[in-house]
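Written below as C-alpha cells is the structure these notes are about.
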Amino acid sequence: MLSRRRPRRESGQVVVLFALLVPIILTLGSIVVSAGNWYVLKRHLQTQVDMAALAGGQGFLGCGQDPAAASADVSTTALKYSGDTLRSRDLPAGPLTTPYNLQLEDAGDQRVVLNSPSYWPSLGTATDGTNYDYKDVSTAGDAPKLGEPGSPCYNGYLDVKATDNEAPLLFRWIPLFPSPKSHARVELQVFQGGEGLRPIGVPEVDPEVVAVLIVDENAAGGVNDPGAIRNPPDQRILDEVTPVPAGLAGMHVYRNTTPFNAVDLGGGSQDFRVVVVTSRDPGFIPTGSLQAICTGNPTQTFCYDYDGSLSGGISFIHAYNGGGGSPSATSPVVRDVTLSGGCGVSDPPAVPSNPYFNVDDGATCGTIGMSATIDFGPGLTDPTLPQPNGVCAEVTATGMGDLTYVSGVWTGVFTPAIASGANQINITTTTDTTGGCAGGNNPSDTFNKVAKPYVADEDSGPVQYLSIEHSPGGGPANSINKTTSASLTITVGFTPLLKEADPFDDPIPLRIWNTPSQSQTLDCQTSGASGWADAMEFGCVPYQIYNPAWHTSACGPPPVGVPPADPPDCIASQNGNYQQSVAHDLWASPCSATPNNWYQNGYEVPPGDDPRWIPLFIVDEKSFLISGKKYWPVRRFGGFYVTAGNSMGCPGDDPDPLPASTKRSIYGHFVTYLPDSGGQVIPSGELCSFTEGGLCVPVLVE
C-alpha cells in the first residue's frame with residue numbers, strides 16, 4: 001500500500017514574520033515621514049529667509065545720508081519677515097507682537113542671524129537685537145564701508161541665516177534632533193542697464209588724464225603748428241592732488257608736481273593762452289599740434305574753450321618787456337599789468353578769489369582791480385605833471401575809464417559780467433607834450449590784450465579753479481617778464497564727482513531748457529508714443545553699458561527698433577524747450593498726491609513708493625558743451641529725488657519759489673539706491689558704493 005503523508009501546516013508563520021517586520025517598517029516609515037517633514041520645514045525656512053532678505057533689501061534707502069538708521073531699517077524689516085519670534089521682541093524700535101511668516105510648527109524655535117559668518121547658536125544666544133550680529137565684515141575692495149562694520153550699509157548686502165532649532169518630531173521615540181538651516185543674501189549691485197530711465201543727463205568730469213598747453217597766440221603756423229605749444233611734451237600732464245589743498249575742498253584738483261621749467265615766453269610774442277585738456281583715455285599723450293590734440297579723439301578728449309584758433313583757452317599770460325627799448329612820451333612801453341580781487345562763489349564751500357580765472361556760480365561778480373606799470377621814458381618824476389618833469393599823460397583801460405596814477409603805477413577797477421568768458425583789457429595812453437597839459441599835441445597809443453581775466457561760462461565747463469603761479473615763491477604768473485624763462489606751477493580744480501546727498505544739503509538744479517545745446521535733456525526711444533514727454537512719463541527703453549572702460553571710437557545713432565535688438569550705450573542730446581512739461585510728465589497726478597517728502601516728515605528718508613524718486617543718465621562731461629545734436633557715451637546711471645521744478649508748486653517744494661534765473665530747472669538730490677527703477681533691471685555684479693552718485697538695485701544672489 002502506498003503511504004500518504006499529511007503536508008506540513010504553515011499556519012501562523014506569516015504572523016510571526018509580520019510581527020518581526022512591523023518594528024522595522026514602523027521605524028523606516030517614521031524616518032521617511034519625519035525626513036519629509038524636516039524637508040518641508042527646511043523649504044518653508046528657505047521661503048522665510050528669502051522673504052526676510054527681499055523685504056530687508058528694499059530698505060537700503062538712506063544709506064548715504066544716515067547709514068545707521070538705514071541699516072537698522074534694513075535689519076528690523078528683515079527680522080519682521082523672518083519668523084523669529086525671539087529676535088522680534090528685541091528690536092530697538094520696539095517689539096513686534098506678531099512677526100510675519102511664522103514657521104509651520106513650533107514657531108518659537110526659529111533663530112535668525114544677520115550678516116553673520118555662521119549660524120546660530122555659535123554666536124551665543126542671539127537675543128541681543130542692538131547690533132543684529134553684524135560680524136561678517138566685507139573685505140571687498142569696492143564695498144561701501146559706511147556705518148557700523150558688518151552692517152548692511154557697510155557691506156552692501158544683507159545676509160540672512162536661519163535655524164529651526166530642534167525641529168519638532170512626529171514620533172517622539174526617534175532619538176534624532178535635527179536643526180534645519182537655510183540661507184539667503186540680497187546684494188546691492190550697481191545698475192548696469194534697464195528700463196524706466198528718465199531722459200535727463202548729468203555731466204560728470206572724471207578724467208584719466210589732465211593736461212595743460214601753453215599756446216602762443218601769435219605763432220605763424222597757426223593751430224596746426226606743433227611749435228605753437230611752448231611747454232615741452234614732458235611738462236604737460238598734471239597729477240591729481242591728494243589731499244585737496246585748503247580752500248578747494250570738494251574739488252577734483254590737479255597740479256604739476258614738478259614745476260614747468262624753462263618755458264619759453266620770449267621770441268617777440270607776448271600773448272599766450274592756457275588750454276586745459278581732459279581725456280578718458282588712460283594712454284592719452286598730448287603731443288602734436290593744438291588742432292591734433294583737441295580734435296583727434298572727440299569722444300574721449302576735450303579742450304575747454306578751444307574755438308579752432310590759437311586764441312581759445314580759459315586763462316591768459318601776458319609776457320611783457322621788462323627792460324630795454326627807448327620809451328618816450330610819444331612811444332611809451334607797458335611793463336607789467338597785474339590783476340587783483342575777482343569773482344568767487346558766495347555759497348560754501350567758497351573758492352579762493354582768483355582774478356585771472358573767476359568762478360561764477362550765479363553769484364554777483366566781485367570787482368577786479370588792475371595795476372599797470374607804464375614807462376614814459378627816463379627822468380620823469382610823475383608822468384601826469386606838465387613839462388619839464390612830466391608829460392601830462394592820461395591812461396584809460398577797457399571797462400575802467402580813466403586810470404589813477406599812484407606811486408608809480410596806474411590803477412583801475414571794473415566788474416566783469418556774469419558768465420562772460422574772456423574779458424580782454426586794452427590800455428590807451430594819451431599825452432600832451434606841449435608843456436601845458438592842454439595843448440593840441442596829444443599823441444595816443446593803444447596796447448591790446450594786456451590782460452584777459454576769464455569769468456567761468458559754459459565753455460569752461462566743470463573747471464572751477466585755475467591758477468598759474470611762479471615756482472618757487474608762488475604768486476600769479478599771468479603777467480611775466482618775457483626776457484626770462486618761466487618756471488610755472490599750474491593748478492586746475494574741477495567740479496567734484498557726484499556723491500550721495502547729505503539730508504540737509506541745498507537742492508541741486510538740473511537744466512531742462514536753456515539753449516538748444518545747453519539743456520541737460522536727452523533724446524531716447526520710449527515705450528510710449530514718441531518724444532521727450534513720453535520718455536519723462538513712461539521712461540526710456542532699455543539702455544545698457546556694454547563697455548564701462550569707455551569707448552575707443554565716436555558714438556553713433558542707436559539701433560532702429562522699439563525696443564532695439566541691442567540696447568545702446570550711447571545717447572543723443574535733445575534740443576528744445578521743455579520747461580512747461582516737468583510737473584505733468586514726471587507725475588500725471590495732482591500735487592496733493594506728490595508732496596516733497598525730502599526729510600520733511602520727522603526728518604526721515606522719503607518712502608520707497610514716492611514718485612519723486614527718478615533714475616537718470618550720468619554722461620560725459622562735455623555732452624552739453626557742443627552745439628547741435630550729438631551722441632555721447634553713457635558713463636553710468638544715477639538716482640535723483642526731485643524737490644521742485646518749473647510749474648510744479650507742490651507742498652513743501654524746495655526751493656519755493658524757484659530763483660528767477662533757474663525757472664527752467666528741476667531741483668533735487670543725488671542718491672545711490674532707488675527702490676524701483678521702473679522696469680527691467682540689469683545688475684552688473686559689482687557691489688554698490690554709497691560714497692558717489694550712482695544707481696544700485698537689490699539682487700537676490702543666494
Side-chain angles (χ1 to χ4, degrees), residues 38 41-60 63 67-140 143-168 177-188 687 698-702:
W38 297 332
L41 294 178
K42 180 176 175 58
R43 292 304 305 163
H44 192 266
L45 192 66
Q46 186 64 51
T47 300
Q48 288 175 297
V49 295
D50 288 345
M51 290 286 290
L54 288 171
Q58 302 301 312
F60 277 93
C63 274
S71 289
D73 183 57
V74 171
S75 301
T76 54
T77 302
L79 289 175
K80 288 178 183 179
Y81 284 86
S82 70
D84 187 332
T85 58
L86 186 60
R87 298 300 300 279
S88 298
R89 290 196 299 269
D90 295 325
L91 299 180
L96 183 69
T97 55
T98 306
Y100 312 137
N101 201 28
L102 295 175
Q103 184 60 286
L104 295 174
E105 301 175 20
D106 291 350
D109 288 343
Q110 183 151 329
R111 300 290 180 266
V112 172
V113 290
L114 305 179
N115 280 18
S116 168
S118 55
Y119 289 87
W120 181 94
S122 61
L123 294 175
T125 60
T127 60
D128 179 9
T130 59
N131 67 3
Y132 311 102
D133 310 306
Y134 296 155
K135 303 287 195 306
D136 188 10
V137 180
S138 172
T139 58
K145 307 299 184 190
L146 287 182
E148 180 184 352
S151 66
C153 289
Y154 184 93
N155 282 4
Y157 58 75
L158 171 66
D159 187 276
V160 183
K161 291 183 174 68
T163 302
D164 190 354
N165 184 39
E166 297 186 356
F177 301 96
S179 297
K181 294 177 172 55
S182 291
H183 169 232
R185 175 180 291 202
V186 165
E187 287 185 353
L188 206 62
L687 281 178
V699 181
L700 185 66
V701 295
E702 296 181 17

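Numbering starts at 1 and runs along the sequence shown. Atoms considered below: every heavy atom in the structure, side chains included; atoms not considered: hydrogens, waters and symmetry mates.
Residues satisfying the side-chain contact (heavy atoms from CB on, under 4.5 Å) criterion with Val74, sequence neighbours excluded, are Phe60, Pro152, Leu158. By the side-chain contact (heavy atoms from CB on, under 4.5 Å) test, Thr77 is found to be paired with Ala55, Asp73, Tyr81, residues two or more places apart in sequence or in another chain being considered. Looking at residues two or more places apart in sequence or on another chain, you find a side-chain contact (heavy atoms from CB on, under 4.5 Å) between Ala70 and Cys63, Cys153.
Between atom CG of residue Leu114 and atom CG of residue Leu79 there is a gap of 4.5 Å, rounded to the nearest 0.5 Å. Distance check, rounded to the nearest 0.5 Å: CZ of Arg185 to NZ of Lys161 gives 6.5 Å.
Gln46 places a side-chain N or O within 3.5 Å of a backbone atom of His183 that can act as its donor or acceptor partner. Between the side chain of Asn115 and the main chain of Asp159, a donor-acceptor pair closer than 3.5 Å is present.
Contact between Leu700 and Ala53 at its shortest, heavy atoms only, is CD1-CB, 4.2 Å. Shortest non-hydrogen contact noted between Pro698 and Val186 is CB-CG1, 3.7 Å.
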